[in-house]
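Lettering follows sequence order; numbering is per chain, from 1.
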Amino acid sequence: MKQKIKNMIYNASKDAYDKGDLPSSDFPEIEVEEPNAGSHGDFSTNISMVMASIQKMPPRKIAEAIIKNINDPDGILDKTEIAGPGFINFFLNKYSWHPVLRKIHEQDALYGASDIGKGKKIQVEFVSANPTGPLHVGHGRGAAVGDSVANILLFCGYNVEKEYYINDSGRQISTLGRSVFLRYKELFEADVQFPEDCYHGDYVRDLAGKARDDNGDKLLSMSEEEAISYCARFAAENILSEIKEDLESFGVVFDNWHSEQKLYDSGKVDKIINDFRKQNIIFEDDGALWFRTKDFGDEKNRVVVRSNGLTTYFASDIAYHQDKFDRGFERVIDVWGADHHGYIPRVSAAIEASGHTRDKFNVILIQLVNLLRDGEPVSMSTRSGEFVTLRDVISEVGSDAARFIFLTRHYESALDFDLELAKKKTNDNPVYYVQYVHARISSIARKAQERGISDIVWNDAAISRLTEPEEIQLIKTMARYPEIVRCSAENMEPHRITYYLMNLASAFHAYYNKHRVLTDEAELTLGRLYLVLAIKKIIRNGLSLLGVSAPEKM
RNA sequence: GCGCCUGUAGCUCAGUUGGAUAGAGCAACGGACUUCUAAUCCGUAGGUCGCAGGUUCGAAUCCUGCCAGGCGUACCA
């Protein structure tokens, strides 16, 4: 619809120039928007103001020249007007909106989909929590955003892969092994010292118990080094499978799980370090190996191999990001917690050093989640091991409510997640507000079926009965959906869809309270059924991008 | 100190990539269920868009400088 208006303006401008009404044929990009105020029409363009300096004419005069030359072969326009400093407002004939409904019904689950991604191979890596403990709420937000962004990109024609990077190597894993081993030892001996820097959570005791169930006291007869290494692997594997379960119950399924350890085992880390040393991108100083991140815009150089010979996290990240591009991804998106933002310059540096431009690398930084209960902060100390896990949250408030709430804010804003609020089944909690639309319409459809109305298809006579202002408004809102999805994909901002759905839901509920769908008039009823079933399709369609279910009954 | 994020109604937040009179929900007040699900709707009230400059036809939005809060600034992960 917007495109039609654009074409109309373009043709009118051209005709105006041909006839001499406009002195220049240098036309800017035409922008058409939907004004907030209904009194400003259905669409509006600022072209006259933008062209004023080029045409050397006052904006309102330009607007007159364009309007004079407007051609409307399909008869979609009711009227046009010049307003304010020179806006041209277009008022559409209400019948011109009706074909949108047909499109929604035909495209159904694909309404709003596009090919703006052109099949480009793109990777979204998210969660990637260390397998040293259970997922918490912060990971939940990352999971909800990452998964949804990936869904939206897929919907917009990208070839998307969802990946989880497993940090199954390095010091935190041996600390985990030591923690589990010590708790295991406690099961057999008194007076075991448990250091501060070990993991204190209850899950460590659970894992120790499990290790005993599997092995009896066998581990005590091994060398400590062997036992710790066994416990590390045992614990990490167990935790990882718990993480997988949690994510699955949260509706998140990864295409690929990428192991850090395998990057080392395959020699990729050593190779990249050697290559960069030859290129003098990595150099030795004070017994350590340093990456010249400063040459790539970071504030200082960073250590890759410590003087004790151990690699840093950064070392494997260099190899990991190079590996992503080696696998053919044209764009790489990392979803991180905002506390890692200082890490961006060095990873960008690594990417640039491996010969890729940094615009192919995007980081979505997710701000922190404050967990509340009835407005009071819930303590979340990882040290003491007292934190509310994602699993707890899902079982308490449900996956749908949790995911929706995580997506009700721009990820760059900190989020207060109130457990009591999330459980409420009222207007405080927008997820039910949106799902309720789907359930209500489903209910109407069932009632219609009881009345013997089953064949709900496009029918000129029935559709032309849709003339109420609320009906036209609803169709206009529905017509905007594809653009919302596109914006959401371009900016990687799922919350745009969340807000759109709340908006559409609100328009529907208002309509529902004012007008009956099932009336005594067959044609009107059929038209309205066609309308609300289109709404239902968009609600389902949008919720699925967010990873939220669309219930038939509530 | 430096870097990133945030600052919009009493509270929690949107704001169509620079448009016209800045919008929702909650909370407050007043209304609507014998009719398709009241997990809903309608109405009233609520604003110096942190502050000060600048850019232009036009700024919550872009630029500069301040102020406030959060996070980060390891040969940790």
Please evaluate the base of [N] for a donor-acceptor partner in the side chain of [X] within a cut-off of under 3.5 Å?
X: A:His340; N: B:G72; value: no
X: A:Asn36; N: B:U21; value: no
X: A:Asp317; N: B:A77; value: no
X: A:Ser443; N: B:C36; value: no
X: A:Thr312; N: B:A77; value: no
X: A:Asn46; N: B:G19; value: yes

Is there a salt bridge (charged side-chain N to carboxylate O under 4.0 Å, His left out) between A:Arg528 and A:Glu471 once you walk through the steps? CA-CA 9 Å; A:Arg528 288 184 173 175; A:Glu471 290 167 339; 2.8 Å; yes
Nearest whole Å is fine: how far is [N] [atom2] from [X] [atom1]?
X: A:Ile366; N: B:G70; atom1: CD1; atom2: C1'; result: 16 Å
X: A:Asn429; N: B:A27; atom1: CG; atom2: P; result: 13 Å
X: A:Ile173; N: B:C76; atom1: CD1; atom2: C1'; result: 14 Å
X: A:Tyr199; N: B:A77; atom1: OH; atom2: P; result: 10 Å
X: A:Arg60; N: B:C57; atom1: CZ; atom2: P; result: 18 Å
X: A:His495; N: B:G23; atom1: NE2; atom2: P; result: 18 Å

Which nucleotide sits closest to the side chain of [X]: [options]?
X: A:Asp416; options: B:A39, B:U12, B:C36; answer: B:U12
X: A:Met49; options: B:C57, B:C76, B:A14; answer: B:C57
X: A:His509; options: B:U40, B:A20, B:G72; answer: B:U40
X: A:Phe87; options: B:A20, B:A77, B:C41; answer: B:A20
X: A:Tyr499; options: B:A20, B:A39, B:C13; answer: B:C13
X: A:Arg516; options: B:U35, B:U12, B:C75; answer: B:U35

5′-ward residue of the pair A:Leu415/A:Glu490 relative to RNA chain B: A:Leu415
For A:Glu493 and for A:Gly170, find the nucleotide of RNA chain B with the closest heavy atom, then tell me which residue's nucleotide is more 5'. A:Glu493
Base paired to [N] (Watson-Crick or G-U; both N/O distances under 3.5 angstrom):
N: B:A45; result: none
N: B:A38; result: none
N: B:C11; result: B:G25
N: B:G3; result: B:C71
N: B:U64; result: B:A52

Under the criterion ring-ring contact (aromatic ring centres under 6.0 Å, His included), I'd like the reasoning laid out for A:Phe361 against A:His321: C-alpha separation, chi angles, the key distance, then a yes or no. CA-CA 9 Å; A:Phe361 172 60; A:His321 283 84; 5.5 Å; yes
Are A:Tyr264 and A:Thr311 close enough that a side-chain donor and a side-chain acceptor fall under 3.5 Å? yes
A:His495 vs A:His410 aromatic rings, parallel, tilted or perpendicular, using cut-offs 30° and 60°? tilted
Under 4.0 Å between a side-chain N/O of A:Lys300 and OP1 or OP2 of B:C75, yes or no?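 A:Lys300 to B:C75 OP1/OP2: side-chain N or O found under 4.0 Å.
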B:A38, OP1 or OP2 - any side-chain N/O from A:Arg440 closer than 4.0 Å?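 Answer yes for this pair, as a side-chain N or O of A:Arg440 is under 4.0 Å from OP1 or OP2.
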Using the P atom on both, measure B:A59 against B:G50 and round to a whole Å. 15 Å
Taking every heavy atom of A:Leu474 against every heavy atom of A:Phe508, the minimum-distance pair comes out as CD2-N, 3.8 Å
